[in-house]
Chemist: 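Input: one structure, supplied below.
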Amino acid sequence: ARAALNADFQRYHDAYDVEPEFAGTEDAEMAARLRALGDCPPGSLGRAYFDFYQRYGLNFPGEPGGGDVIFVAHDFTHVLAGYEPDGPGELALQGILVSATDGDQHFSNFCASLSLHEAGMLESSVGITPKVGTLGRPGAAEELADAIRRGAQCTADFATIDHLARADEPIED
């Protein structure tokens, strides 16, 4: 069943959103531009992104061990939504995105997140160990439900905006 699930996901999943300025880029220049977001004003989107990476000790995409370009837009959505990069946070992030778009844009990623973090069935290409029962953790199911409620209040898909073009803007905007 695991092999069939992984094969279906590879055939049917939505294409990941890629930050427009980095389409086709996965190198040290991209990593340097992401590191430079640390120079953005305090309280800005770019500075919050930089701080997110520092808080979790993550390497930036384009650096060794930093993952590829798809993580740029994905991690900007973590910053904007306020969800941690852990099992409950990943489920909540996908829940808010599905709800914000009525499921059209992000449904397969939500299913993949459930398969990885709840059912322990999806294999991860980035070293995440599949887990079972994440929603059974204290507060996790409530966080997902709240994310779905929050997403229904969104008026746009905040995963697809040009985050880098807005890096100096206050995160609240």
Chemist: If you count heavy atoms of other groups shown closer than 6.0 angstrom to CD of Gln54, is the number above 12?
Modeler: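 More than 12 heavy atoms, drawn from other residues, nucleotides or ligands, come within 6.0 Å of this atom.
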Chemist: If every non-hydrogen atom of Cys40 is compared with every non-hydrogen atom of Ala167, which pair is closest and at what distance?
Modeler: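 Nearest heavy atoms, Cys40 then Ala167: SG-O, 4.0 Å.
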Chemist: Are Pro85 and Phe52 close enough that some pair of their side-chain heavy atoms sits under 4.5 Å apart?
Modeler: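 Pro85 vs Phe52: side chains touch.
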Chemist: Among all residues two or more places apart in sequence or in another chain, which pass the salt bridge (Lys or Arg N to Asp or Glu O under 4.0 Å) test with Asp51?
Modeler: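 Checked Asp51 against salt bridge (Lys or Arg N to Asp or Glu O under 4.0 Å); matches are Arg47.
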Chemist: To the nearest 0.5 Å, what is the distance between CG on Asp27 and CD on Glu63?
Modeler: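 Rounded to the nearest 0.5 Å, the CG-CD separation comes to 11.5 Å.
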Chemist: Drop me the distance from Thr77's OG1 to Ile96's CD1, to the nearest 0.5 angstrom.
Modeler: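 Going from the OG1 atom of Thr77 to the CD1 atom of Ile96 covers 9.5 Å.
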Chemist: Would you call the rings of Phe60 and Tyr49 parallel, tilted or perpendicular, where under 30° means parallel and over 60° means perpendicular?
Modeler: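 Phe60 vs Tyr49 ring planes: tilted.
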Chemist: Looking only at heavy atoms, what is the nearest atom pair of Ala159 and Leu97, with distance?
Modeler: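 That closest heavy-atom pairing would be CB-CD2, 3.9 Å.
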Chemist: To the nearest 0.5 Å, what is the distance between CG (Leu114) and CG (Asn109)?
Modeler: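 Leu114 atom CG to Asn109 atom CG measures 11.0 Å (nearest 0.5 Å).
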Chemist: Please check: side-chain N/O of Ser44 versus main-chain N/O of Pro170, any donor-acceptor pairing under 3.5 Å?
Modeler: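 Side chain of Ser44 to backbone of Pro170: no pair is present.
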Chemist: Closest approach of Gly89 and Tyr83, non-hydrogen atoms and distance?
Modeler: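 Here Gly89 and Tyr83 meet closest at O-CB, 3.6 Å.
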Chemist: Could you please spell out the steps behind the side chain to side chain contact (heavy atoms under 4.5 Å, CB included) verdict for Asp157 and His106?
Modeler: CA-CA 10 Å; Asp157 181 356; His106 300 283; 2.9 Å; yes
Chemist: Show me the donor-acceptor pairs within less than 3.5 Å that the side chains of residues 137-148 make with the rest of the protein, sequence neighbours left out.
Modeler:
unit_1	atom_1	unit_2	atom_2	d
Asp146	OD1	Arg149	NE	3.0
Asp146	OD1	Arg149	NH2	2.6

Chemist: List the atom of Phe110, the atom of Leu91, and the distance in Å for their closest heavy-atom pair.
Modeler: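 Heavy atoms only, the tightest pair is CE1-O, 3.9 Å.
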Chemist: Determine the interplanar angle of the His74 and His78 rings, folded into 0 to 90°, and report it as parallel if under 30°, tilted if 30 to 60°, perpendicular if over 60°.
Modeler: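 Judged by the thresholds at 30° and 60°, the geometry between His74 and His78 is perpendicular.
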Chemist: Would you say the side-chain atoms of Tyr53 and Asn59 include a donor-acceptor pair closer than 3.5 Å?
Modeler: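 Note: Tyr53 and Asn59 side chains miss the donor-acceptor criterion.
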Chemist: Quick one: pull up CZ in Phe76 and CG in Leu34 and give me the separation to the nearest 0.5 Å.
Modeler: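 Spacing of CZ (Phe76) from CG (Leu34) equals 7.0 Å.
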Chemist: Which residues pass the side-chain hydrogen bond (donor to acceptor under 3.5 Å, both in side chains) test with Glu169, not counting sequence neighbours?
Modeler: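 Glu169: side-chain hydrogen bond (donor to acceptor under 3.5 Å, both in side chains) contacts with Arg166.
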Chemist: Using the side-chain contact (heavy atoms from CB on, under 4.5 Å) definition, which of the options Asp39, Leu45, Val79, Leu37 pairs with Phe50?
Modeler: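 That would be Leu37; it is the only one of Asp39, Leu45, Val79, Leu37 passing the side-chain contact (heavy atoms from CB on, under 4.5 Å) with Phe50.
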Chemist: Kindly indicate, with the supporting measurements, whether the criterion side-chain hydrogen bond (donor to acceptor under 3.5 Å, both in side chains) is fulfilled by His117 and Asp86.
Modeler: CA-CA 9 Å; His117 296 288; Asp86 58 13; over 6 Å; no
Chemist: Taking the basic N atoms (NZ, or NE/NH1/NH2) and the acidic carboxylate oxygens, is any pair closer than 4.0 Å for Glu118 and Lys131?
Modeler: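 Salt bridge between Glu118 and Lys131, a charged N being under 4.0 Å from a carboxylate O: no.
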